[in-house]
Number of protein chains: 2
Amino acid sequence: MPTSKDVAAAAGVSQSTVSYVMSGKRPISEKTRKKVEAAIEQLTYQPNAGARALASRRTNVLGLVIPLTPDAHVGSLSEFIAVIAATARQHDRDILLVTDEEGTEGLQRVVGQQLCDGLILMQVEADDDRIPVVRKLRVPVVFIGIPNEAEGLSCIDADFALAGRQCIEEFAAAGHQGATVIGWRPESGDRKLNFVDRFLGGAFEQAEASGLALSHVSGSADIASIEAAVDGGIAAADGPPAFASPEEPVLEMLPRILLDRGLKPGVDVSIIGVGTQTKSLGERLRLTTIDLEPRTVSRRAVELLCNFLKDGDGGQRQHLELIPPVVTQRDSTIPSPTH
Amino acid sequence: MPTSKDVAAAAGVSQSTVSYVMSGKRPISEKTRKKVEAAIEQLTYQPNAGARALASRRTNVLGLVIPLTPDAHVGSLSEFIAVIAATARQHDRDILLVTDEEGTEGLQRVVGQQLCDGLILMQVEADDDRIPVVRKLRVPVVFIGIPNEAEGLSCIDADFALAGRQCIEEFAAAGHQGATVIGWRPESGDRKLNFVDRFLGGAFEQAEASGLALSHVSGSADIASIEAAVDGGIAAADGPPAFASPEEPVLEMLPRILLDRGLKPGVDVSIIGVGTQTKSLGERLRLTTIDLEPRTVSRRAVELLCNFLKDGDGGQRQHLELIPPVVTQRDSTIPSPTH
DNA sequence: GCATATCGTCGATGCGTATCGATGAACAGT
DNA sequence: ACTGTTCATCGATACGCATCGACGATATGC
């Protein structure tokens, strides 16, 4: 492996000049820069990350804390991870993986060993144990998810409350008097993740504002329970029924189940799919969808962290950013009567 | 941040003694070890990773190359990643993420900058561009997936061929004369990943050996095409039909579709689910499954790489390891008549 | 013409650790 | 008591880079 010393020798300059050519922190004449760059090219020189970290006190690495729990491994998680890694590269940084299996010691470890300059925490719970630890860390941290006590923290997430409101707005615009949300069973684990409450909160709030009767039934993957939920929704409806769900299996079967009951989606009944990967599903089933834009959330998390690092102070500032979901109207919602 | 010098001062020894206490590479008396350990504890000392990498020429970090392409983001990918990260920690190593968006230059970069001591490549294609680059790298590399030219490389994957054989064996034992595999549409992208061919190769081979008529139809997510495939399978069957599929949506609907036709799984027809996350699906639908054990594949990949690194020579050896799939008999296959 | 500012480069130093050679102490054998 | 060992520890050095102060060479002011 060639070193910057080798490059210096090849270019006939001093090692420090090579360093300044690479960093641009001091002016270098066109002539010597060319020489140095040629030497770098020829030797295929790449700076040693360890030495660089040691001397500059920055690693250019971001720690990403991911959940290890298998039940959380929905498809979107890997998309989050990949987008975060790709965005980090655009800012000339790399991603070090930390699983939450290590717990809070893992955070202290990667920061203490100076393996990374900052952290991104995924799957942040409403009352996350890691928050008190994070507050003491000397590096900036960005949360993906909104804990209850977000004071002084930097948090980014999809705007679930807005998604709930948008959902009801769509139904109201289509002339529905009532709607049913199927899914997000309030299991023990789900209670910790408050996005369910945020979505339902927004939905119920908007339902009240729009004078629309909203009910929520916890979905389940088996067909019978979905059918029961659908029948309940139809019976309760005062006019054409409307259904929304954030669960893919539910959405997959909903059109079929409704057609079996003589209800054509987009004509006699409305369906809205909510989720993180709604595009392919929505296009295939021609479903109106509300996408939570996980790629944008991921990208912004990295950008925010990089901004904190660029400012140099290393301290984390309070920041709350909610990414607006994207509504895509397709054929599963009844057209607005006003049009 | 305290340094090993601070620890040395607090313990009243030299810095090198602290280093030897931590590495154990030279004998240290019980007394001084206790003193040093106490000082480490009290100062919450953690060695600086950059300095350590610089001095020891090892980073204790493994690079993990993941696909960025969204269509590959099935749920199992994040499970792979998390298991790899957790296993790496058990070997006192961390994981640096590299997306294949960077291409082969990404590999050369992380190795050239000495950000990691070795690499794990996921989603290896039959004729992967990265192979010639990997051969020139000076660090050990483990492939997850089996390329066509595996000479001199270290590869690990699920044994898809065995899964195919096991599948047919199950059907044959249940007394079936024929079977249909639904799924794995041979699209452009899928051709590069040869596991489809490996599975089907094993299945057809075993079908011939067992005198069983096997056909394969590319599945699709919409219900109509699945129903068509099912009807085809029923019509072609000489005796009770049998179906296998590696696609979750197909498996989700298969029992329902068959019941609609008056065929009860496990009595009039057999179903086998093949995949990387078959447990919850299999238990819910009471499906006999063949699981490809992604967790084992991931774990073994890390262990293999760590072994290469432990041996010190840094060279990669040829190695081919196929993880046997696990057959779990539940209620969707017709009981063997011989029992 | 000299004093002063600006530019481009060099040498020296430090970052925190691992590791090698050396040193001194304790100890066994004669 | 003297040499030869083994054991525990220390001091010095190197790892590769960033960065600071210094210095010579030009350019700018009057």
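So you know, we letter chains A, B, ... as the sequences are listed, proteins then strands, and number each from 1.
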Quick one: look up who D/dT13 pairs with, Watson-Crick or G-U, both distances under 3.5 Å, and put none if it's unpaired. C/dA18
Heavy atoms only, 4.0 Å cut-off, all strands: where does A/Ser19 land among base, sugar-phosphate and nothing? base
Between C/dC15 (C1') and A/Arg52 (CZ): distance, integer Å: 15 Å
Find the distance B/Met22:CE to C/dA18:P and express it as a whole number of Å. 7 Å
Protein-nucleotide distance (A/Gln114, atom CD; C/dG16, atom C1'), rounded to Å: 9 Å
Kindly give the atom pairs (protein nitrogen or oxygen, nucleotide nitrogen or oxygen) under 3.5 Å for nucleotides 7-10 of chain C.
unit_1: C/dT9; atom_1: OP1; unit_2: A/Ser29; atom_2: OG; d: 2.8
unit_1: C/dT9; atom_1: OP1; unit_2: A/Thr32; atom_2: OG1; d: 2.7
unit_1: C/dT9; atom_1: OP2; unit_2: A/Ser29; atom_2: N; d: 2.9
unit_1: C/dT9; atom_1: OP2; unit_2: A/Thr32; atom_2: OG1; d: 2.8
unit_1: C/dT9; atom_1: O4; unit_2: A/Arg26; atom_2: NH1; d: 2.9
unit_1: C/dC10; atom_1: OP2; unit_2: A/Ser14; atom_2: N; d: 2.9
unit_1: C/dC10; atom_1: OP2; unit_2: A/Ser14; atom_2: OG; d: 3.2
unit_1: C/dC10; atom_1: OP2; unit_2: A/Thr17; atom_2: OG1; d: 2.4
unit_1: C/dC10; atom_1: N4; unit_2: A/Arg26; atom_2: NH1; d: 3.4

Using modelled atom types only, decide if a donor and an acceptor are shared between the side chain of B/Arg52 and the backbone of B/Asn60 within a distance under 3.5 Å. no
Do you know which two heavy atoms are closest between A/Ala150 and A/Gln318, and how far apart they sit? O-NE2, 4.3 Å
Backbone of A/Ile28 reached by a side-chain donor or acceptor of A/Arg33 within 3.5 Å: yes
Is there a donor-acceptor contact under 3.5 Å from the side chain of A/Arg93 to the main chain of A/Asp117? no
Rounded to the nearest Å, what distance is computed from the NZ atom of residue A/Lys5 to the P atom of nucleotide C/dA12? 12 Å
Measure the spacing between CG of A/Leu304 and CD1 of A/Ile156 and express it to the nearest 0.5 Å. 4.5 Å
Distance in angstrom units between B/Lys25 NZ and C/dT17 P, rounded: 15 Å
So, does B/Asp94 use its side chain to make a donor-acceptor pair with the main chain of A/Val98 at under 3.5 Å? no
My understanding is that a pair needs two contacts under 3.5 Å, Watson-Crick or G-U wobble. By that rule, which nucleotide pairs with C/dG1? none
Let me confirm one number: the CG-CG distance from A/Leu96 to B/Leu64, rounded to the nearest 0.5 Å. 11.5 Å
Walk along DNA chain D from 5' to 3' and tell me the first and last nucleotide with an atom closer than 4.0 Å to a non-hydrogen atom of chain A. D/dG16 to D/dA22
Within a 6.0 Å radius of atom CG on A/Asp127, are there more than 12 heavy atoms belonging to other residues, nucleotides or ligands? no
Is a donor on one side and an acceptor on the other found under 3.5 Å between the side chain of A/Asn48 and the backbone of B/Gln114? no
